[in-house]
Amino acid sequence: MTMWSQALKAFGLAPMDEYIQPRISIGDRVLTNEFSTGNFKIQANQERLSFSVKTLDGRVLWESIHGEPFLASSVGHDSFGANDHGQLTIAEHDTMPTRLQTITNIAYDSIEKQVVHVSGGLSTKLVLPTHMDYVLSFKEISPRQLDMTVKITHRDPAMQHHQRLILTYKTNSDEQIYGFGEQYSSIDHKGQKVPVLVREQDQGRDASSLSKLWSSTKHLMSSDALATNCTVPFYMTSDCLGFCLLNSEYSSFDLRQPERVTVRVNASSLMARVMHGDSLFDLLSEYTAYAGRVASIPLWVGQGAIVDLQGGPDKVRQVLEQLRYYRVPLAAVCVSDWSGYLQPEVPEGQQQAAVAYPVPHWSMEYSSALYPDWPAFVQELTQHVSKPNNSKAAATLAVMSDGDENDENKENDKIDENEADAPPAAPPKDEEVDEEEDIIITDTPAVRLLVSVTPFLSATQDDGKVGTASTRDTLTHKHYHHAAANGYLVKQPMDGAPYLIKGSAGEAYGILDLTNESARQWFKDILKTQLFDIGISGYLADYGYTLPMDLASAKRVALSASQCNATDYHNQYAEDWTKLHHDLLTETGLDDHAVVFCRSGYIRSAGYVQSLWTGDQAVTWNQTDGIKSAVTAMLNAGLSGFSTCHCEIGGYMTADSGFPGTKMIRSKELLCRWMELAAFTCVFRTSEGLLPRANAQIYDDEESYLHLAHTANLFAALQPYRRQLLHDAKTKGWPVLRHLLMYYPKDTTVKQLTYQQFMVGSCLMVAPVLSPSTNFVKVYFPKNEHHIQWRHIWSGRVYESDGSYQAIDAPLGQPAAFVMEPRDQEPGGRALNDLLKFASSYIDQLAQQQQQERQQQRQTA
């Protein structure tokens, strides 16, 4: 209710409907006995005017608020702005809400006896012309999970515009609420109103943040604290209860009142799941049984760094040579600028102005200007020549050299503790030419290559124009024109022409229509033939959140599936984008060999992505957009069913415009500390950032190379332990990175933690350095009834689990990490011996270096 509406009501000038108090009535003939569906009991209480769902032993899972309607409907079109880049602003509009609810019947389904139906009506007034009928149905899915569906079965003519459902129910005032996807600002969402809309995470969550100034200089819309690339309408509570909305339409969860939850969804049917467990682990297993569990991650991903390199073949070769010289364990190189860049149009008579940031050429073809002989360059680095149409032979890249065979990865499904403790298979010493697959191995070590892809296709014309921008690339396939001619792109509703998204440099591009099955298959064929068939081992799948949304007053885009409108399909688009890549890997047999990282997703993306990445953090230390927010996002993703999540080392968003107060560039210290953080995640992947020339880079100097080698080796030392955690992720839905509240749900100090420290599995606790000019961290050791201890991996010192804070030294290269003792009985616990050996060896080397330095000083003196 707006301030103006409140004023009118206070003076008695509001419409009469505003003075009707919301209430619920239960008919006299309604049976108030318990109705059972499997392990759940459904019951209406006439005396208390309430409705509840309980377990067989009486545990209340869901309950309406006494005397109030638990179901309502309203009129109004929400607005999301007209931004085509996913920077969406949300304004909810509700008018003419229903205030009266009745329950007229509770009965079992006439055919499916395990289904319980609750029938009744909603109305704005007591008179019949303002009435709509509903049916609320319950059905057991598993002993701990209940399906809950609301359908509107009839409307009076006056209620035809009531196309929204609102569900309200009780929660405990002291209950914490976790989940809702990859959230960046908080762990407990109690007290917030959480919008469920996949959109650009953007920058500027904090009004005092420098990144808000960055947002202004880049002409983007400032974000809010709950904007995220990956959101899900799922939460868990500290009381070990869970709720998941299954709708893809826009919804919101109002948690601002301490004793109620209000779920609002823009649909005339509502589908949800209610679940319970004894722990948050139980709830994640229940939820991911529906949403899906992480797909296979190739073993090679855990064996070293994935290094982002841009700037052409010579630079890539030069840095690769240095990486080998400094013995950096290398999993892959990501050439993210493989398709090149566009040049903004310069008016005649004016000089070329400096471009504020690069403008990618999303052509889905390699850049003939930047990488003039791309296929040969790929062959040179990967040492692979494969037969046509043999993408598996190409993309697996000489995997025999890493022991990364398909059968070995499938053993993850049968992994036991002894296997988890075993070190990774050593590479064979000699390699031979494989005549069947035409694999060529040379003396120079091969390296896997990754690239980046989007659902965008630049509208490149024959003269090189792309909107008002231009390209120097010569395109062979001209995918945009083929897609436009065959109806594979999102269209304008009036004339059916492709809907063109305009960039800030004047570029224009279409967006793939994922409701078109032929378009999806065509795009998968491109990925197969132009990436996998030539030896590319995977890619970053970006921008799944940018399907434009309709305006409240006008339809902006048209989809091939005519029954879909862009606003309702927007969240589903992100999920379908992740599914496309999952299906491609499955169809080509590459799911154990190639990798696809995704930035956006929705509910069932949890079962499609191999690893979610946290998006575009700013190159800062702050907790709203910088390195601290990356930790919060990874932990929230884990609490939302996304078991494997990682961040880009060093962050991405950069500003160096020259205007006062807008400079935001990466320091060497931030880059080094980010490497230390990433060593404990699922993927160790660097980023040059939005402006590589302005940011500190891993290849700037010897010290940077050495720190990269050290932290990448630290990451690789965790591979045996991480394999066990990935097995749990795949079979149980448990996250690799875990907030401490999963183990200490009642600890009041743990409940206050966000980014400060986290668990990697059950046996490793990490407290990364996330502030500048800092050589120590404060670590909390939760009290444990089993009297476990925590061994500092670098010093060997043991700390008691006594509920105390301790100051821990954390000089550069020694992030605060602790292994649990004893741990032999924990899954994968003995596999951490590799980590302890690595840490001990590193400390010994430091001691030797210091001794040598002292001897040299004495000799010099």
Side-chain angles (χ1 to χ4, degrees), residues 291-301 332 364-365 378 382 384 386-399 404-413 436-439 448-455 457 477 479 482-483 486-488 512-544 560-561 572-612 644 726 730:
R293 292 170 183 159
V294 63
S296 298
I297 299 180
L299 289 176
W300 60 262
V301 173
M364 277 304 300
E365 296 190 41
V378 173
T382 63
H384 233 97
S386 65
K387 296 179 180 179
N389 300 318
N390 193 350
S391 58
K392 184 172 182 179
T396 53
L397 176 87
V399 292
D404 184 18
E405 298 187 56
N406 191 48
D407 290 341
E408 183 176 0
N409 224 14
K410 289 188 181 299
E411 284 299 308
N412 282 336
D413 293 330
E436 181 180 354
E437 296 185 354
D438 291 348
I439 299 174
R448 290 179 174 83
L449 285 185
L450 308 181
V451 296
S452 60
V453 305
T454 75
L457 290 173
H477 301 284
H479 295 308
H482 181 85
N486 287 274
Y488 294 163
L512 189 69
D513 186 348
L514 295 180
T515 69
N516 186 324
E517 174 59 34
S518 297
R520 292 199 301 270
Q521 187 58 52
W522 170 76
F523 196 78
K524 285 190 290 185
D525 288 342
I526 292 176
L527 294 170
K528 176 182 177 297
T529 57
Q530 296 196 34
L531 300 184
F532 291 146
D533 280 359
I534 70 168
I536 302 297
S537 292
Y539 49 86
L540 315 183
D542 206 352
Y543 291 102
S560 293
Q572 187 66 40
Y573 188 94
E575 182 177 300
D576 287 348
W577 178 238
T578 60
K579 185 177 186 299
L580 180 149
H581 307 295
H582 173 269
D583 291 348
L584 173 63
L585 294 182
T586 301
E587 292 163 7
T588 55
L590 290 171
D591 45 346
D592 284 334
H593 296 293
V595 70
V596 178
F597 301 134
C598 296
R599 176 152 68 117
S600 56
Y602 196 56
I603 300 174
R604 304 199 75 161
S605 297
Y608 298 143
V609 301
Q610 291 168 303
S611 181
L612 188 71
T644 53
L726 291 173
K730 188 173 182 179

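Note: hydrogens, waters and symmetry copies are ignored here, and every other heavy atom, side chains too, is used.
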Heavy-atom distance under 4.5 Å between the side chains of [X] and [Y], does that happen here?
| X | Y | value |
| --- | --- | --- |
| S537 | V595 | no |
| Y539 | V596 | yes |
| L584 | F532 | yes |

Least distance between heavy atoms, [X] atom then [Y] atom:
| X | Y | value |
| --- | --- | --- |
| T454 | Y543 | CG2-CD1, 3.6 Å |
| I603 | A291 | O-CB, 3.6 Å |
| A483 | W522 | CB-CH2, 3.6 Å |
| V294 | T644 | CG2-OG1, 3.2 Å |
| L527 | M364 | CD2-CE, 3.7 Å |
| E575 | S605 | CA-OG, 3.4 Å |

Look up atom [atom1] in [X] and atom [atom2] in [Y], then write down how far apart they are to the nearest 0.5 Å.
| X | Y | atom1 | atom2 | result |
| --- | --- | --- | --- | --- |
| D583 | Y608 | CG | OH | 7.0 Å |
| L514 | F523 | CG | CZ | 8.5 Å |
| D592 | Q610 | CG | CD | 9.0 Å |
| N486 | D513 | CG | CG | 12.5 Å |
| E587 | Q521 | CD | CD | 6.0 Å |
| L590 | H581 | CG | NE2 | 14.0 Å |

Exercise for review: Show the numbers, then the answer: is there a side chain to side chain donor-acceptor pair (under 3.5 Å) between D542 and S452?
Suggested key: CA-CA 7 Å; D542 206 352; S452 60; over 6 Å; no
Review point. Could you go step by step and tell me if Y488 and H482 meet the side chain to side chain contact (heavy atoms under 4.5 Å, CB included) rule?
Key: CA-CA 8 Å; Y488 294 163; H482 181 85; 4.1 Å; yes
Practice item. Verify side chain to side chain contact (heavy atoms under 4.5 Å, CB included) between H479 and Q530, making sure each step is shown before the conclusion. Key: CA-CA 12 Å; H479 295 308; Q530 296 196 34; 2.6 Å; yes
Check your understanding: Looking only at atom types and distance, does a side-chain atom of T515 sit under 3.5 Å from a main-chain N or O of A561, one as donor and one as acceptor?
Key -> yes
Exercise for review: Identify, with sequence neighbours excluded, every residue that meets salt bridge (Lys or Arg N to Asp or Glu O under 4.0 Å) alongside R293.
Suggested key: none
**Study point:** Pair L531-V453, side chain to side chain contact (heavy atoms under 4.5 Å, CB included): steps then yes or no
**Key:** CA-CA 10 Å; L531 300 184; V453 305; 4.0 Å; yes
Point to revise | F597/L450 under side chain to side chain contact (heavy atoms under 4.5 Å, CB included): CA gap, chis, key distance, verdict | key: CA-CA 10 Å; F597 301 134; L450 308 181; 4.3 Å; yes
